[in-house]
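Have a look at the structure below before the remarks.
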Amino acid sequence: MVLTKHKLLLICLLLVVLMAIVTSFSLMIGTTRVDTWNTITALIYDRKVDPVFFSILFKIRLPRILLAGLVGMVLSMAGVVFQALLRNPLAEPFVLGISSGAAIGAVLAIIFGIGYGIFLPTTAFLGALVSMALVFSLARRQTRMSSTTVILIGVVVSAFFSSLIMFFIAITSDHRLSAILFWLYGDLSLSTYEQVGILAPVAILGGIFLFGYSRSMNIINTGEDVAKQLGVEVERVKLVLFGVSSLITAVAVAESGVIGFVGLIVPHLMRMAFGPDHRLLLPTSGLFGASFMIAADTAARTVVSPNELPVGVITAFLGAPFFIMLLRTRGSRWG
Amino acid sequence: MGLAFEIKSISFRYEDSWVLKDISFEVHKAEFLGIIGPNGSGKTSLLKLMDKILLPQKGSIYLDGIDLKDINQRDIARKIGVVAQSEPFLSSFSVFDVVLMGRSPYLSRFQFEGRHDFEIVHDALRLTETDQLSKRMVGNLSGGEQQRVLIARALAQEPEILLLDEPTSHLDLKHQVGIFELLKHLNQTSKITVVMVSHDINFASQFCDRLILLKEGRIAGQGRPQEVITEEIIRSVYEVPVLVDQNPYTRTPRVTPYSLNRDSQADNIT
């Protein structure tokens, strides 16, 4: 019933164990058969290690798993925040057009030849902000901004940005083409430790920061006037939360491309399992989101082996029916 | 007795029409003040101004002698508990969790509620007789039960002042009386200042120490119920003929509206 620190820690611990299991499993399977067990024990006991196996496990699979986990964590936490603030279970970075906004920012950077280093996440963030501003200002033109309108406009803006990306693909023919293609559907196949190094602090610090606002999210979720009466500075909190969630989403998108629906599926499953308290919802969604994404990416690289699917295809394949189901059973309201 | 509120010539407008025009009045500590008036007279706006949910364009509001402008929302939430006009509460939080949210103004960002907070919540649940409901989902409760839960949440804020906006609308008679008795009890035993917007003149007359009558954003009368509820004043403010006599049990003024149009009465009967 009532959330205590112990209960929170216990549940998080269980989800970390789940993540460890999924990670080990993901490490073991793939197109090339690798004797994972022997490679790892050889490393531990300082015996001679097969260099090919070592490379596959620790230079290809592990960074990819870590990056997938971080991306899943970020997108799921952002989904929790957007759903809380908009009071709509359908909100998440992709549906709101924020992921596509980040993608178009990154694509423009590539087109103008600055698609490297700090420029890429920066332009992605700017794209995410522009997209969010666009979605909210379009939605606000109506006298009463309903969250369903925001979702609808988000989906349309998202489609518009995707078409822009398609346009850039059509007019690009040089080496930049493959770099742009990457943005259409999420792709984790070229993950590096460097990317993990960028996203890890963003995900962890962002998660801790957002957790600090989880009680405010609970209260805002029961009504904005009520939140003010209870001492929550609603406007400021919303601005901060939208900003930080967009920022972490943009950094994740800059490293992985557009991966949709994760932020929809994961928070909803967590809400079914643990109830509406954001102090539980946010960390569990982050941790379970990581496991979910690692599993999805493992599927992406194994189901049509030796070929690969972009991981965004897997999440969309699961997420789109899920979206429809949520829309039909719950409408766009909390129940 | 000091002053809980001092409202000094405030005016307020949403867009271009003034909702409240040059309103001044005082709220004494530990008093039970009723704000009555016809629809659209500015009652709800006035209550929101007193909690800094809205800001007046002119004039000032002083809470315990300090200008509301200079107090942050969190400190206000430690002094004032609010029960807003009841709207359907669609939440899957439990009653206990909702009442626990009343402790929020006392907690820092990463702090969890402690034993002290739980005790206060239990007291609030007991006082409002919602302790039996504490594990229920608040979205599944009836209107009267939800209203009690919202009062419990306001009490968990340990307020010196309660602001209530028509806490008994949509409730049946028994629950209306229950809420008023609860508020009177809190007012008398805990010395909580109660400011309540009410549609029901007769209940307000029975339970309030003092009344403020609003009409079109101005104060049309204020004082003890006997002073405000007269045939002349009520007729001019509500624009209907009324009979005012004395409730034989409570000795407070009693209002009965009537219609002189016999045809329309006949229509109503058939």
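Chain identifiers are assigned alphabetically (A, B, ...) following the order of the sequence lines, protein sequences preceding nucleic acid strands; residue numbering begins at 1 within each chain. Only this structure's heavy atoms are used, side chains among them; waters, hydrogens and symmetry mates stay out.
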- When every non-hydrogen atom of A/N221 is compared with those of B/F93, the smallest separation belongs to OD1-CE1, 4.4 Å
- Task: Pick one of side chain, backbone, both or neither for A/T4, based on which atoms fall under 4.5 Å of a heavy atom in chain B.
- Result: backbone
- Message: Are B/R153 and A/L230 packed together at the side-chain level, in the sense that at least one heavy-atom pair is separated by less than 4.5 angstrom?
- Response: yes
- Note on the structure: Closest non-hydrogen atoms of A/L8 and B/F112, given as atom of the first, atom of the second and distance, are CD2-CZ, 3.7 Å
- Query: Which atom names give the shortest non-hydrogen contact between B/A77 and A/Q229, and what distance separates them?
  - Reply: CB-O, 3.3 Å
- Query: Roughly how far, to the nearest 0.5 Å, is the CG atom of B/D51 from the NZ atom of A/K228?
  - Reply: 10.0 Å
- Message: Rounded to the nearest 0.5 Å, what separates atom CZ in A/R215 from atom CD in B/E113?
- Response: 5.5 Å
- Winner by heavy-atom pair count (cut-off under 4.5 Å) against chain A, out of B/S108, B/G102, B/S104: B/S104
- Checking heavy atoms, do the side chain of B/K52, its backbone, both or neither come under 4.5 Å from chain A? neither
- Query: Which distance, rounded to the nearest 0.5 Å, do you find between the OG1 of A/T222 and the CE of B/M101?
  - Reply: 5.0 Å
- So which part of B/I53 gets closer than 4.5 Å to some heavy atom of chain A, the side chain, the backbone, both or neither? both
- Item | Which atoms of B/L107 approach chain A - backbone, side chain, both or neither, heavy atom under 4.5 Å | both
- Query: In terms of heavy-atom pairs under 4.5 Å with chain A, which of B/Q111, B/R78, B/Q73, B/Q157 leads?
  - Reply: B/Q73
- Item | Closest-packed option against chain B by number of heavy-atom pairs under 4.5 Å, given A/V234, A/N218, A/D225 | A/N218
